[in-house]
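All chains are named by letter (A, B, ...) in the order of the sequence lines, taking the proteins before the strands, and each is independently numbered beginning at 1. FYI, side chains are in, hydrogens and waters are out, and symmetry mates aren't considered; it's all heavy atoms of this structure.
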Protein chains: 2
Amino acid sequence: MTPKSTNLANFKVGVDNVIFSVDMAQNRVLVLLVMRQGDPFSGQWSLPGTLVRQGESLEAAAYRILAEKIRFKNIYLEQLYTFGGPDRDPRESPDCFGVRYLSVSYFALVRFEEAQLIADGVTGIAWYPLERVPELAFDHHQILEYGYQRLRNKLEYSPVAFDVLPETFTLGDLYQLYTSVLGENFSDYSNFRTRLLKLGFLSDTGVKVSRGAGRPASLYRFNSESFALLKDKPMVFI
Amino acid sequence: MTPKSTNLANFKVGVDNVIFSVDMAQNRVLVLLVMRQGDPFSGQWSLPGTLVRQGESLEAAAYRILAEKIRFKNIYLEQLYTFGGPDRDPRESPDCFGVRYLSVSYFALVRFEEAQLIADGVTGIAWYPLERVPELAFDHHQILEYGYQRLRNKLEYSPVAFDVLPETFTLGDLYQLYTSVLGENFSDYSNFRTRLLKLGFLSDTGVKVSRGAGRPASLYRFNSESFALLKDKPMVFI
DNA sequence: ACAAAAGTGTTTTCCTTACACCCATGA
DNA sequence: TCATGGGTGTAAGGAAAACACTTTTGT
């Protein structure tokens, strides 16, 4: 029998980011895609990813591509899931058992207005509305689905919405975000209002803003200090 | 500049399992540990893990060690988190930047009575109560903490308790499990009772069991069919 | 004046919480 | 008969759901 170590798979580890944003004007959830240049799936859209370098942590790699693709002020980032079956990357020829490609995916949220895409003239890069995502390279469709699931879950019990919304927003904006992610029937608007305001971490800036017809709305701001005080108590945004 | 591929880290990927169980007799949460034999940390306790082999999926590797260490009838298994910083394994010498060791951790639940440890006479293997876990190899203490956090969270909104309890159990057993994991003050017993029974997936087997003094209790059974019907509706076990 | 959106209030219902209390057994 | 744990019931308070209604703007 060959020495045990020869049975072990050799891995390259990639980091793939599911980066969400929301276009408040069009009321659409967006995901950042890049056009692949390299060998497999060249010319196809994919999640922005990279292979992990020597001495680099997974999270550092995630931040690196992020910084390569967009300029942003604020960001939310957390690990999503690790996809590692054999055959997820054609570079590992199915019979030769060479190098395995494993993908550690990260989930990120940025503000649309603050996120400036870095177009280098070579690589395609674009925000895609979730309903119009094209075919993706590798198993990136699965990763995207998993990320979207996470977004829906997190909206219900954590304040991630405020990492996607502009710094100041109306309660209508907030409600629209929730409806466009969670569907129309998640809650009545007025109940949603009172519930969120009662939580006590939204401060009215006093500034009013008018969008077309209708009564002008107050701009609110997420108060992270107030939130920090309640953060271990269970909380429902539904 | 050297070709780009030489900058990439070469990985070995390990799978480490946080396997929980509960000893109903002593009312203690247990975690499965094994004594390391190999090179780094030899003679120290660690989470049961293995390196992923050629052509083997991550989950398959997780099941493989599981099957190597215990015989079980029922098991719950899900991916936990991926720990991948450099310097988490001394085998990667800090300056030479050789092979990186990455750990994809899995979270598992088994029934104590049904789980038969496979002692091969060579390797130490034992259930440790959570309060008496010794020092662990690598960053396994961090992984264990993360797994315990997951256990606490899942108890609140998913029926994982029934993967740890015996097939039939009293409501007192169920309550004790919750208190030993979540602490004494998570809920009043009688309210816990009524809440759980109202959910509608616990069936009374009619069998009574007497444990020392006190009125005999009914044995209940988790009814996965009834649960499946309600599974997408939000549910609170608190 | 009217539509449209913001914002307030009310009612009904249901769930949570905190108990008090009865029941069946072992010692 | 008493301690012990199993099991039922209830009253107070609060949150959730549904909906009516008022306010302030643009057109």
Salt-bridged, B:Asp173 to B:Arg211, with N to O below 4.0 Å?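 Salt bridge flag = yes for B:Arg211 with B:Asp173.
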Charged N to carboxylate O under 4.0 angstrom, A:Arg150 versus A:Glu78?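 Salt bridge between A:Arg150 and A:Glu78, a charged N being under 4.0 Å from a carboxylate O: yes.
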Interatomic distance where [atom1] belongs to [X] and [atom2] belongs to [N] [whole Å]:
| X | N | atom1 | atom2 | answer |
| --- | --- | --- | --- | --- |
| A:Tyr175 | C:dA5 | OH | P | 13 Å |
| A:Leu174 | C:dA5 | CG | P | 17 Å |
| A:Lys208 | C:dG7 | NZ | P | 6 Å |
| A:Lys198 | C:dG7 | NZ | P | 17 Å |
| A:Leu171 | C:dG7 | CG | P | 6 Å |
| A:Asn185 | D:dC19 | CG | P | 13 Å |

Are the aromatic ring centres of [X] and [Y] under 6.0 angstrom apart?
| X | Y | answer |
| --- | --- | --- |
| A:Phe169 | A:Tyr220 | no |
| B:Tyr146 | B:Tyr148 | no |
| B:Phe162 | B:Tyr76 | no |

Using five pairs at either end of the helix from C:dA1-D:dT27 to C:dA27-D:dT1, determine the angle between the two local helix axes and round it to 10 degrees.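 Taking five pairs per end, the axes differ by 10°.
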Select base, sugar-phosphate, or nothing to describe what B:Arg211 touches, counting heavy atoms under 4.0 Å on all strands.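 Here B:Arg211 touches no strand at all.
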Would you call B:Phe112 and B:Leu30 a side-chain contact if the rule is heavy atoms closer than 4.5 Å?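 B:Phe112 reaches B:Leu30 side chain to side chain.
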Side chains of B:Leu165 and B:Arg111: closer than 4.5 Å at any heavy-atom pair?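 When only atoms from C-beta onward are counted, B:Arg111 and B:Leu165 do not touch, as no gap falls below 4.5 Å.
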Return the 5'-most residue of the pair A:Val236, B:Leu197 with respect to DNA chain D, ranking by each residue's nearest nucleotide.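 Comparing both residues, the 5'-ward one is B:Leu197.
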Sugar-phosphate means primed atoms, P, OP1 and OP2; the rest is base. With that split, encode nucleotides 17-27 of chain C 5' to 3' as B, S or - using protein heavy atoms under 4.0 Å. BBB---BBBS-
Could you check whether the rings of B:Phe237 and B:Phe201 sit parallel, tilted or perpendicular, using 30° and 60° as the cut-offs?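 Rings of B:Phe237 and B:Phe201: tilted, 30 to 60°.
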Nearest heavy-atom neighbours spanning A:Gln44 and A:Glu135: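 Nearest heavy atoms, A:Gln44 then A:Glu135: OE1-O, 3.9 Å.
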